[in-house]
Amino acid sequence: MRGLHWFRNDLRLRDHGVLSALSDRVDEWGALFVFDPTLLDSKRARNRDRFLIECLLSLREELEERGVPLWTVSGRPEQVVPRVARDLRADVVSFSEADTPYARRRDEGVRTALESRHHQVLSLRDHTVFGPSEILTKKGTPHSVYSPYRRAWWSAWSAAPRWPATRLRLPKRPIEIESGPSEDAIANLGLPETPRIGPAGGEAAARRRLAAFLEKRVGRYATDRDIPAEDGTARLSPYLRFGVLSARRCFADALAHADANPSAREGVDKWLDELVWREFYAAVLSNRPEVTTRNFRPEYDALAWRQDPEGLAAWCEGRTGYPIVDAGMRQLVETGWMHNRVRMIVASFLTKDLLIDWRLGARFFMDHLVDADPASNNGGWQWAASTGTDPQPYFRIFNPTKQGERWDPDGRYVRRWVPELEGIASKFLHAPWLAPQPPGAYPAPVVDHAQARARALDAYRAARARYG
Ligand SMILES: Cc1cc2nc3c(=O)[nH]c(=O)nc-3n(C[C@H](O)[C@H](O)[C@H](O)COP(=O)(O)OP(=O)(O)OC[C@H]3O[C@@H](n4cnc5c(N)ncnc54)[C@H](O)[C@@H]3O)c2cc1C
């Protein structure tokens, strides 16, 4: 039997659920990656495109060592995948399932086209440890709050841990065919000209980063994770997003590290709880795919978001006049990355201080983040906007000045990204408008936080009142 694996957000060979299942069904195989024009936009997400291409190059190299071709073709998957499957006379086409409404439609289209041409389809959901219908409430319904989900998640793990596969399981041999698709989309696209700013792509790099994080930093994670000037987190999210590393591998290695180093236990536990957040948001998206465009809590559907193109542009361009917000947005646009604490601050600022619809912020993040993940991004944005799963009420509104003073007390993060503030006295760094001579090159605040807070509270209260 002959298999074709369609790689998507599962760009690895190790601990790969679908490839392992494929190896039980076929003897020979080849691999395909499709550059879908709907998802690829190298103008905005150049850091992400570079990361993706590096991951593909590294995957191709590993496959070539085994004689297995990785064909890369541009086009709509509904057309490309069945065409390649036909040309290669593949008996089975496999892929890892995805959850967004777009991915589901696309995959349904591909599946129908393949099955109508008598190819078998093998698909599994493998990007989290537990699937969306495995962790349920006692009533058998999906969880809508993180804490009980987390407890249920760990009970499921204790009852039957999901360890990563200990050995590589791939079909026996490369596909026996003279030639495959002639297009080489990676070569046509090429690496973006700008130099790499973020992490290097590829499975080996991911595993090195995980090992280095556990070795050097996880012990201090519980304290360092909120300090944006520190390199205190794992920075593994791009690898997890593209499936270059399996979530099972992260759990297994971290737990083994804590067993061997009891002093690291607190940091490991905290870190793994963050990975459980990832699982939680993935389950929410899978069970409620409409959250990509709709509030998780319908009581906020009537919220009167402001139309404020100038405020939105100031936020996107990092010139709101609030240093921690501007530092974060500039870091995002330049590098494709932003620290989690700062993501929370800028998202609160957009949705509460500017009262701009979370969907616009979420879109901007999806356009720029290297780790742009529809589930975690949506969860994070709806958390910040108080429209999501979080039981904390709408009156949690971050004060951007206090957040800056608390999490960037020595100003290292802000000074790195907002050079206009270089010369300002430290005590005014997070509120430069209070300085006797505010720096001329830096904008005045686009809103007064106290007034904006009152305005947001009124708007949220009114929406709830209208909902009844
Ligand atoms: C508004 C907003 C938008 C976000 N958008 C994304 C996104 O598009 N993609 C994304 O991967 N994460 C997103 N996050 C979550 C979080 O900011 C990143 O996962 C984290 O910063 C990644 O850095 P790290 O790998 O060093 O994390 P670590 O602190 O080392 O955590 C380890 C892993 O746990 C997961 N994780 C950590 N925090 C969260 C969280 N709050 N929610 C879900 N998973 C989490 C990630 O997979 C991360 O790699 C968002 C958060 C907010 C507030």
Side-chain angles (χ1 to χ4, degrees), residues 9 45 47-48 51 100 127-129 146 149-150 153 198-199 206 209-210 212-214 216-228 230-251 253-254 267-285 292 315 325 328-329 331-332 335-352 356 358-390 392 396 398 403:
N9 291 336
N47 294 304
R48 184 165 66 232
F51 183 76
T100 61
H127 62 278
T128 50
V129 175
Y146 170 72
Y149 174 89
R150 178 183 155 276
W153 195 99
R209 186 171 274 267
L210 172 62
F213 171 69
L214 293 176
K216 296 191 193 128
R217 297 198 300 279
V218 77
R220 293 196 313 272
Y221 180 75
T223 44
D224 285 0
R225 60 185 288 268
D226 269 314
I227 315 284
E230 293 292 335
D231 189 14
T233 65
R235 312 239 349 208
L236 282 167
S237 49
Y239 300 101
L240 287 161
R241 184 253 186 247
F242 283 104
V244 184
L245 186 67
S246 79
R248 285 179 294 266
R249 169 56 58 203
C250 294
F251 278 90
D253 287 7
V268 165
D269 286 350
K270 186 79 203 132
W271 190 62
L272 293 181
D273 279 349
E274 296 305 316
L275 280 163
V276 177
W277 271 108
R278 174 177 177 273
E279 303 254 321
F280 173 60
Y281 284 142
V284 170
L285 176 66
T292 49
W315 180 82
V325 174
M329 296 307 294
Q331 181 184 27
L332 171 66
T335 68
W337 170 261
M338 195 195 296
H339 187 278
N340 180 60
R341 168 59 49 183
V342 190
R343 292 187 203 202
M344 295 195 286
I345 298 170
V346 304
S348 174
F349 189 82
L350 186 79
T351 55
K352 304 279 176 61
I356 290 178
W358 61 265
R359 280 158 277 233
L360 297 174
R363 181 74 262 150
F364 192 79
F365 267 36
M366 287 303 286
D367 285 346
H368 290 272
L369 281 171
V370 175
D371 66 19
D373 171 74
S376 295
N377 190 50
N378 185 268
W381 273 97
Q382 295 226 38
W383 180 91
S386 306
T387 58
T389 53
D390 192 34
Q392 277 264 0
R396 180 200 51 221
F398 282 4
Q403 287 286 318

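This is a predicted model, so every value here is computed, not measured. As a basis for the values below, the full set of heavy atoms in this structure was taken, side chains included, without hydrogen atoms, waters or symmetry mates. Atoms within a ligand are numbered from 1 in the order they appear, just like the ligands themselves.
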Seminar exercise, completed: Min over A254, S237, G379 of heavy-atom distance to atom 22 (C) of ligand 1 lands on S237
Exercise. Taking the minimum heavy-atom distance to atom 21 (O) of ligand 1, which of T233, L272, N340 ranks first?
Worked result: N340
Report yes if some N/O of [X] lies less than 3.5 Å from some N/O of ligand 1; otherwise report no.
X    : value
E274 : yes
G380 : no
L236 : yes
Y221 : yes

Provide, to 0.1 Å, the distance between [atom] and the closest protein heavy atom, together with that atom's residue and name.
atom                    : result
atom 40 (C) of ligand 1 : W277 CB, 4.1 Å
atom 14 (N) of ligand 1 : R343 NH1, 3.6 Å
atom 3 (C) of ligand 1  : N377 OD1, 3.3 Å
atom 12 (N) of ligand 1 : S376 CB, 3.6 Å
atom 33 (C) of ligand 1 : L275 CD2, 3.7 Å
atom 9 (N) of ligand 1  : D371 O, 2.9 Å
atom 31 (O) of ligand 1 : W271 NE1, 3.5 Å

Charged N to carboxylate O under 4.0 angstrom, [X] versus [Y]?
X    : Y    : answer
D273 : R150 : yes
R225 : E274 : yes
D226 : R341 : yes
R278 : D373 : no

For this session: Could you tell me which residues satisfy side chain to side chain donor-acceptor pair (under 3.5 Å) with R248, sequence neighbours excluded, listed by chain and number?
Result: D15, D126
Problem set entry | Which residues share a side chain to side chain donor-acceptor pair (under 3.5 Å) with T128, sequence neighbours left out | R125
Going by the atom numbers of ligand 1, which of them fall below 4.0 Å from some non-hydrogen atom of [X]?
X    : result
A372 : 8 (O)
R278 : 43 (C), 44 (N), 47 (O)
M344 : 53 (C)
D373 : 7 (C), 8 (O), 9 (N)
F365 : 1 (C), 3 (C)
R235 : 24 (P), 25 (O), 26 (O)

Exercise. Do the side chains of Y146 and W383 get nearer than 4.5 Å, heavy atoms only?
Worked result: no
Exercise. Side chains of R217 and D231: does their closest heavy-atom pair fall under 4.5 Å?
Worked result: yes
For this session: Report the C-alpha separation of R343 and W337 in whole Å, then their side-chain angles, then the decisive distance to 0.1 Å, and conclude whether the side-chain contact (heavy atoms from CB on, under 4.5 Å) test is met.
Result: CA-CA 10 Å; R343 292 187 203 202; W337 170 261; 3.6 Å; yes
Exercise. Between R359 and W381, is NZ or CZ placed under 6.0 angstrom from the six-membered ring centre and within 45° of the ring axis?
Worked result: no
For this session: Decide whether a cation-pi geometry holds between R363 and W358; the criteria are a distance under 6.0 Å from NZ or CZ to the six-membered ring centre and an angle within 45° of the ring axis.
Result: no
For this session: Pick out which of N378, T292, N377 makes a side chain to side chain contact (heavy atoms under 4.5 Å, CB included) with L285.
Result: T292
For this session: Start with the C-alpha gap between F364 and W315, add the side-chain angles, then the distance that decides, and say whether side-chain contact (heavy atoms from CB on, under 4.5 Å) holds.
Result: CA-CA 10 Å; F364 192 79; W315 180 82; 3.9 Å; yes
Exercise. Any idea which part of Y281 is under 4.0 Å from ligand 1, heavy-atom wise: side chain, backbone, both or neither?
Worked result: side chain
For this session: Specify side chain, backbone, both or neither for L240, according to which of its non-hydrogen atoms lie closer than 4.0 Å to ligand 1.
Result: side chain
Exercise. Does ligand 1 have any atom sitting under 4.0 Å from a heavy atom of R241?
Worked result: no
For this session: Could you tell me if any non-hydrogen atom of W337 lies under 4.0 Å from any atom of ligand 1?
Result: yes
Exercise. Taking the six-membered ring for Trp, are the ring centroids of F242 and F51 within less than 6.0 Å of each other?
Worked result: yes
